[in-house]
Amino acid sequence: MIKVTKHGIILKKTELSFEDDSVLNPGVYQEGNTIHMLYRAVRKGNYSTIGYCQLEGPLKVVERYNTPLMIPYSDEGSKGIEDPRIVKIDGVYYITYTAYNGINALGALVTSTDLNTFERGGIIVPKFTFDAFKRLAECNNLVNAKYFRHVRHFEASEEVYLWDKDVLFFPRKIDGKLAFLHRIRPGIQLVMVNSLEELTQEYWNHYFLHLNEHIVMDPIGVNHESGYIGAGAPPIETELGWLLIYHGVYDTSEGYVYSAAAALLDLVDPTKVIARLIDPLFVPEFDYELNGVVNNVVFPTGTALFEDALYIYYGAADKCIACASVSLKELLKELLLNKVNNEI
């Protein structure tokens, strides 16, 4: 068993109008002893913007903005922007988030060199209807049948797209290519491109025709992720592979339960899973994780490393931001006891 230390709540909502309902699901970027935290700030009425605070060390908040760092800038995010993740590649911050317009929830990107000014990248995931996705993805009959069960029905004048969330970049290029994970239920998929300009309709047509080649992980038949999974924090490069902290979901009579999980991906080919914990890394257990806007949720979205201590930042019950830590060495050791047979 891996020892997990929970440090409790580190950020709560305030009386400020943009975050008077909840704060959750932070993106984290570490520069030495300083942590930049971009978090989802929700005002009453369920409208989200991105807030900012800074930590010195893993747990001490020393600065917090009283206005949002980022707000929606297009109709695609008219009902809010959610769940940021952040990495820095070649001197540029890549900040991904989910743009929500009340009907569609799609992964989007902005870039920055200073975390003050931002260049809009727009939606970077495919805009496909469920039927169009299904026609392509089921052609080779090699994809989990759960991919074809999650259709949403709306009476709307605008097009309803397949939801594609949990977009996050790897912190460096792989074989000269930008790489990012995204989530079409129930699994986690990988995109690798020379340039984001390659992400055309033709690209996605080909991608979905060969979707099985781009799936990193699907849920496995254990309780903590038997429903679906999603990418959590940006992958951490280690000598053994990319360490991925992600979330798993399973359904109960009282609703979904979200837990934190871990896997190890190949450094060269991240679609190859080297190892994967059979049991969750940690689960909801304290009141702030069990009771909130959405009960029974730990939703990891950022990490920071201080010597051997890996701090994992997560949304707790969609109400506040909490932190847990583990020994990186012990986590990798445990993962190697749970290697995946890729020859099956």
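Keep in mind that this is a model prediction, so the values were computed, not measured.
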Shortest non-hydrogen contact from [X] to [Y]?
| X | Y | value |
| --- | --- | --- |
| V298 | P300 | O-CD, 3.6 Å |
| A275 | L335 | CB-O, 3.0 Å |
| A108 | A99 | CB-CB, 4.4 Å |
| L267 | E239 | CD1-O, 4.3 Å |
| Y246 | I188 | CB-CD1, 4.3 Å |

Count the heavy atoms of every other residue, nucleotide or ligand shown that sit under 6.0 Å from [atom1] of [X], and state whether that count exceeds 12.
| X | atom1 | result |
| --- | --- | --- |
| D114 | CG | yes |
| I220 | CD1 | yes |
| E31 | CD | yes |

Positive for side-chain contact (heavy atoms from CB on, under 4.5 Å) with L11, one of P26, C53, C320: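 It is C53; the other options fail the test.
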
Name of the residue among V4, D308, I2 meeting side-chain contact (heavy atoms from CB on, under 4.5 Å) with S327: D308

Taking salt bridge (Lys or Arg N to Asp or Glu O under 4.0 Å) as the test, write out the residues that go with [X], two or more places apart.
| X | result |
| --- | --- |
| K127 | E76 |
| E213 | none |
| R43 | none |
| K79 | none |

Give a yes or no on whether the backbone of [Y] and the side-chain of [X] come within a donor-acceptor separation of less than 3.5 Å.
| X | Y | answer |
| --- | --- | --- |
| R183 | I229 | yes |
| T96 | V167 | yes |
| D175 | K177 | no |
| N205 | L136 | no |

Working for ring-ring contact (aromatic ring centres under 6.0 Å, His included), residues H214 and Y147: CA-CA 13 Å; H214 304 290; Y147 280 93; over 10 Å; no

Ring centers of F282, Y314 separated by less than 6.0 Å: yes

Centroid-centroid distance, F128 to W204, less than 6.0 Å: no

Plane angle bin for Y256 and Y258 - parallel if under 30°, tilted between 30 and 60°, otherwise perpendicular: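 Perpendicular, since the angle between the ring planes exceeds 60°.
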
Cluster link L328 to I274, ILVMFWY, side chain under 4.5 Å: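 Same hydrophobic cluster.
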
N-O pairing of K134 and E138 below 4.0 Å: yes

Connected hydrophobic set around I95, excluding itself, where side chains approach under 4.5 Å: Y29, L38, I50, Y52, Y65, L69, M70, Y73, I81, I86, Y93, Y97, V110, L115, F118

E119 side chain reached by V92 side chain, heavy atoms, under 4.5 Å: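 Contact flag for V92/E119 side chains = no.
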
Pairwise side-chain hydrogen bond (donor to acceptor under 3.5 Å, both in side chains) hits with a residue in residues 291-303, at least two apart: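 Every side-chain hydrogen bond (donor to acceptor under 3.5 Å, both in side chains) pair that includes a residue of residues 291-303, provided the two are not neighbours, is D287-N291.
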
